[in-house]
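From a predicted model like this one, the values you see are computed outputs, not experimental measurements.
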Amino acid sequence: MIQASNVSVSLDALLPENASLRRREVARALGVRPAMVTEIALLKRSVDARKKAQVHGVVTVAVALAGDAAPSPARGVTVRPYEPTAPLKVPSIGPAEPRPLVVGTGPAGLFCALYLARAGLRPLVVERGAAVDERVLAVGAFAAGGSLDTITNIQFGEGGAGTFSDGKLNTGIKSPHIRHVLEAFVEAGAPADILVDAKPHIGTDLLVGVVRRLREAIIAAGGEVRFRTRLTDLRVEEGRVVGATLTDEATGAETDVPTGAVVLACGHSARDTFALVRDRGFALERKPFAVGVRIEHPQALVNRSQYGSAAGHPALGAADYKLAVKTADGRGVYSFCMCPGGEVVAAASEEGGLCVNGMSRHARDGANANAALLVEVRPDDLPGDDPLEGVAFQRALERAAFAAGQGAAEGGRAPYTAPAQTVGDFLGGTAPSPSALVEPTYPRGVAWCDLRDCLPPLVTDALAEALPLLDRKLAGFAHPGAVMTAVEARSSSPVRLVRDGRFQAQRAEGAAGDPAADAASGLYPCGEGAGYAGGIMSAAVDGLRVAEAVAAAYREGAR
């Protein structure tokens, strides 16, 4: 078979029910008669909307041609021999003592644990929050106005923060593991479309079942999973982690477990875990992160801006966007985690701190589009030299947003009411009013106020400068009635747990009991919380890379 890439097709040809039309258009692009195409398989599909009057599909296909038919591809179409992706190779190591410990069940932890379980290493997997079905109930109760569960919420629990998101799987990284992750998701019940879509997504409603089945696969392969169990200490001997203390969140009971490796896949909100790692003598460093707001528009506005007259075609669905500009002083302002047809969610995990995020269901059929609108925060923007200063910065913004939301109206509002402002009022400096283009979707209600009361000038000045620039890239982005809801502070980790070429944590300079520089620590920082990923896909890929390193250490007896 041959692989034909960059083949332009009509939007109708992208629809699954129009396979024969797609065959004809691919044959035309290859310069052969349709009858000469004996087999065709769709490998990748995307939409080219750069020219709004000529929105069309672009596909990559594997094609078998009859007899001695020779393609004469159209301009821009590339043809090469088809080579299927090699399957993931997992070594067979067998049980070993002490077994590895995986902390966290976000994408990084789940994929790391699944690999280690299939290698026969029987990992112990711990998660401070609840299993995903119980977690759905806790998140729903909080959204409906109930009390915050600081253990199980949008940040903590099986599946990680990405479970309550758009379930977006596109990424900027390059790795053969991307295909392996996609195949594992499909094996766990995700739609097969993610294998071919250029911008794959699952949606929060389907992710719940996918996450549950990934956990079941870990257990079936010999792993053990404990929920509402938090890592509260590390036992370090001569610079190497040899054990961990686990605390039952329900009873407070502590258990000491020996381990040959600890994988820290704890997510970007496990602030106490960052402090524990620092206190046990391991190196942390500041890294750039970003904070801002969630901005909401009518999805129909985004569709028209992106697709022009083609908006509404069944092959297109809800349009997305990815925007970025720089202010005059070079500070980046950009959209992140755009949720077509989605909603803004209550993402707090600490009492007295308010933060927001966004999510979409698989159908992306909500009336609003939302995205994080973020301002770059650089390490040198923060005072002092504490590597956890970024955590303090995030926490201060969340507390300010909580206070602004609760106290904006006379007599106060219910806790976790979010501060919000229209773009027009924000840019015009006028009194806050609810004259919005959209109905805000934040579930616990919004308080109309001046966002400058809860966000620092570093953020608000950059947003004010960037909004008109972003409007030039997406017509209507700075519509006066668009709504901004604060505060989006958990888009990424503000800290990196320093690791070496073996994926193991490095000791801090001058740490007590500091071993030789090349000694293995047995502690494996992993995923987004550790500072090595930025979304579901990159976190899952990092989980596999770390799992390979852990398995190699066990195989070589370097425990």
Are any of the side-chain nitrogens in Glu398 or Arg271 under 4.0 Å away from the carboxylate oxygens of its partner?
yes
Any non-hydrogen side-chain atom of Ser165 less than 4.5 Å from a side-chain atom of Cys339?
no
Taking all atoms of both residues into account, what is the closest heavy-atom pair of Arg99 and Leu121, and its distance?
CB-O, 3.7 Å
Check whether any side-chain N or O of Ser335 sits under 3.5 Å from a backbone N or O of Ala371 as a donor-acceptor pair, and report yes or no.
no
Before accepting this row, confirm whether a basic side-chain N of the pair Asp380/Arg378 lies closer than 4.0 Å to the acidic partner's carboxylate O.
no
Before you tell me yes or no, could you show the steps for Leu463 and Leu451 under side chain to side chain contact (heavy atoms under 4.5 Å, CB included), namely the whole-Å CA-CA distance, both residues' side-chain angles and the distance that decides it to 0.1 Å?
CA-CA 11 Å; Leu463 290 177; Leu451 293 182; over 6 Å; no
Is the ring pair Phe111/Phe185 parallel, tilted or perpendicular, if the boundaries are 30 and 60 degrees?
perpendicular
Name the one of Thr255, Thr232, Thr229, Asp233 that satisfies side-chain hydrogen bond (donor to acceptor under 3.5 Å, both in side chains) with Thr247?
Thr232
Between Arg444 (side chain only) and Pro415 (backbone N and O only), is there a donor and an acceptor less than 3.5 Å apart?
yes
Tell me whether Gln155 contacts the main-chain N or O of Ser349 through its side chain, where contact means a donor paired with an acceptor under 3.5 Å.
no
Here the pair of heavy atoms bringing Leu101 nearest to Ala244 is CD2-CB, 3.7 Å
Kindly indicate, with the supporting measurements, whether the criterion ring-ring contact (aromatic ring centres under 6.0 Å, His included) is fulfilled by Tyr416 and Phe142.
CA-CA 10 Å; Tyr416 303 101; Phe142 180 60; 5.2 Å; yes
Contact check, side chains of Phe274 and Leu497, non-hydrogen atoms, under 4.5 Å
yes
Could you go through Asn357 and Arg490, starting from their C-alpha distance and side-chain angles, then the distance that decides it, and tell me whether this counts as side chain to side chain contact (heavy atoms under 4.5 Å, CB included)?
CA-CA 8 Å; Asn357 207 323; Arg490 308 278 186 98; 5.5 Å; no
Audit row: Thr152, Arg228, side chain to side chain donor-acceptor pair (under 3.5 Å) steps and yes/no:
CA-CA 8 Å; Thr152 300; Arg228 294 192 176 273; 3.3 Å; yes
Note, Phe402 side chain near Cys454 side chain (heavy atom, < 4.5 Å):
no
Is it the case that the side chain of Ser493 and the backbone of Gly529 share a donor-acceptor pair, with hydrogens and angles ignored and the cut-off at 3.5 Å?
yes
Do side-chain atoms of His201 reach the backbone of His362 as a donor and acceptor pair under 3.5 angstrom?
yes
